[in-house]
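Here the structure is laid out as structure tokens; the discussion comes afterwards.
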Amino acid sequence: MLPPANRLKKEKEIKRARAGKMIGGSGLLACRAAANDLPVARFCFIVSKKISPKATARNKIKRRLRAAIAAAMPRIASGFDCVLIARFGLAAKNYQEICDCVNLVLARAGLIKSS
RNA sequence: CAAGCCGGAAAAGCAACCGCUCUUGAAUAAUAAAAUCUUCGGGGGAGGAAAGUCCGAACACCCAGUCCCGAUCCCGAGCGUAAGCGAGGGAGAGGGAUUAAAAGCAAAGGGUAAUUCCCUUUAUCCGCGAGGAAGAGAUGCGAACAGUGACGGCCAAACCGAGAGGCGAGGCAUCCCAAUCCCGAGCGCAAGCGAAGGAAAGGGAGUAUUCCCAUGGCAACAUGGGAGUGAAACGGCUAAAUUCUUGCUCGGGUGCAAGGUUAAACAUCCCGCCCAAGGCGGGGUGAAAAGUAAACCGCUUGAGGCCGCGGAGUAAUUCGCGGUCCAGAUAAAUGGUUGCUCAUUUUCGCUGAAUCCGGCGAAAAGGACAGAAUUCGGCUUAUUGCCGGCUUGGGCU
RNA sequence: GCCUCUGUAGCUUAACGGACAAAGCGCCGGUCUUCGGAACCGGCGAUGGGGGUUCGAUUCCCUCCAGAGGCG
């Protein structure tokens, strides 16, 4: 689970982030982000019933995405809100594949620190 | 060994690293004190179905008609110098009673906060069996098709009513066809024929035209009694979760997104400061923004659960004592990753007489259904392997 | 999350518990026409799945499935 400061909670903020312009994606994952005025990056995760009709499977996808983001947090730039949307097929992947996918998508959206 | 029936408990384990939530203790910072922030430590953290939302309740709010009580408030004849008292009238938070509609009625008895749930007994039905299923107030308007023919025919004292008519003791009959039989008015010298009436093997249509015993009778059958149902009577008894009539019971509705508390920004007015446009700070306003955004409470201690002991009861259940507080999240915590072990599956090898079985070894795969959302009691559905008891069948001794 | 509602031919709607489940549009075939349309005639085609009550179920009851809606 992410620390509370890195969670994106309010519905209005999520809608703002989904309308944002920093867009990245791959076949298994989509990313929408918008800049905020805070010194942290905030995330939320969307897994629809189309991905899997079973609630337990959806919860597992969300937990793995959160773990992948938490692992990548030191390399992530601050100052934006990000929504990660799972696409069909992600349920069949293991943790390492999800990590690779998350890193690829974040790099395409330009959210990785340029050090 | 195979196929079944009933019941029970469980819901893979261990370690390492990295995290989340609730609660609690300490320290530090700030403060009048606290809320709060950070760090460290202790403790708790999904289910038997958390699911479907099919029943039932708790809890919260809202709403009808009639009647009663009613804190409090208003008017007030009159009395009094006055303060005040005050018949009577009106409003009325709230409390109680009742119910028109809607809804309900589940064998008998019991349990429960309550139920279509659970328990005991049981008519009946299903199964070879272990066992399982099972009952919907009363009445009976109406009831397709088939069939010559189907919830009921015919007569009727007494009583009520001006009458039409109502009610109805009691009597007769009891689906249709039917070989044949009984009876025998009458006809005939006789053999015999034989109306009406009665019974009937068997057959027919249909979901459906009660069952048993005793006595009498050549027999058909009659009479009486009984079983189950029913309070009883009675020529009663095929029968439905809808409809109609009727009896009894019962206020209704919405659901924690119920409901409650606090309450901005912006607007506008005043004051102060900054050279000014304008900005900053403080205070106020209400009929508008707004009782809105948002936050908090409800929110987890409850008709509790679990463990132990004892009592009542066939049982469901219940009573007493002691111990234990056993999830409270909110784009939604209770986890993520790695390694090992165990259950399981597949493949290969060895072994023995052994492609099928057992043992040993190796490799690979790899956890059933499924995620609390106000709370609880049931039901139903999904689903993994295990344990105990029992039944039927087969084989061996 | 809480609470409701609806499933009938390809589509839109009917059907007191009673005969082969009705109608319109559509589809197929035919007649007519040089061809097509219109018109006329005929045909195909359905009660979401399973169970119960009943002699008999689209209808009543239970259950599963699918779809839709309301509530800050």
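In the text below, chain A, chain B and the rest are named by the order of the sequence lines, each starting its count at 1. None of these values were measured; they are calculated from a predicted model.
The same atom, C1', is picked in B:rG204 and in B:rA146; the two are 12 Å apart, to the nearest Å. Comparing the same atom, P, in B:rG45 and in B:rA312 gives a spacing of 38 Å after rounding to whole Å. To the nearest whole angstrom, the two C1' atoms, one in B:rG310 and one in B:rA333, are 43 Å apart. Taking the C1' atom of each, B:rA373 and B:rA329 are spaced 8 Å apart, rounded to whole Å. On the C1' atoms, C:rC3 is 32 Å away from C:rC11, given to the nearest whole Å.
Side-chain atoms of A:Asn59 lie closest to B:rG371 of the nucleotides B:rG336, B:rA331, B:rG371.
Under the Watson-Crick or G-U wobble criterion, with both distances below 3.5 Å, B:rG152 is left unpaired in every strand shown. Under the Watson-Crick or G-U wobble criterion, with both distances below 3.5 Å, B:rC340 is paired with B:rG13.
Judged as a salt bridge (charged side-chain N to carboxylate O under 4.0 Å, His left out), and not counting sequence neighbours, the contacts of A:Arg42 are A:Glu13, A:Asp81. Under the side-chain contact (heavy atoms from CB on, under 4.5 Å) criterion, A:Ala107 pairs with A:Ile112, not counting sequence neighbours.
In this structure, CG on A:Leu104 lies 10.0 Å from CG on A:Leu28, to the nearest 0.5 angstrom.
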Writing each nucleotide of RNA chain C 5' to 3' as (, ), [, ], | or . by Watson-Crick or G-U pairing under 3.5 Å yields (((((((..((((....[...)))).(((((.......)))))....(((((..]....)))))))))))).

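At a threshold of 4.0 angstrom between heavy atoms, the contacts of A:Arg63 include nucleobase atoms, whether or not backbone atoms are also involved.
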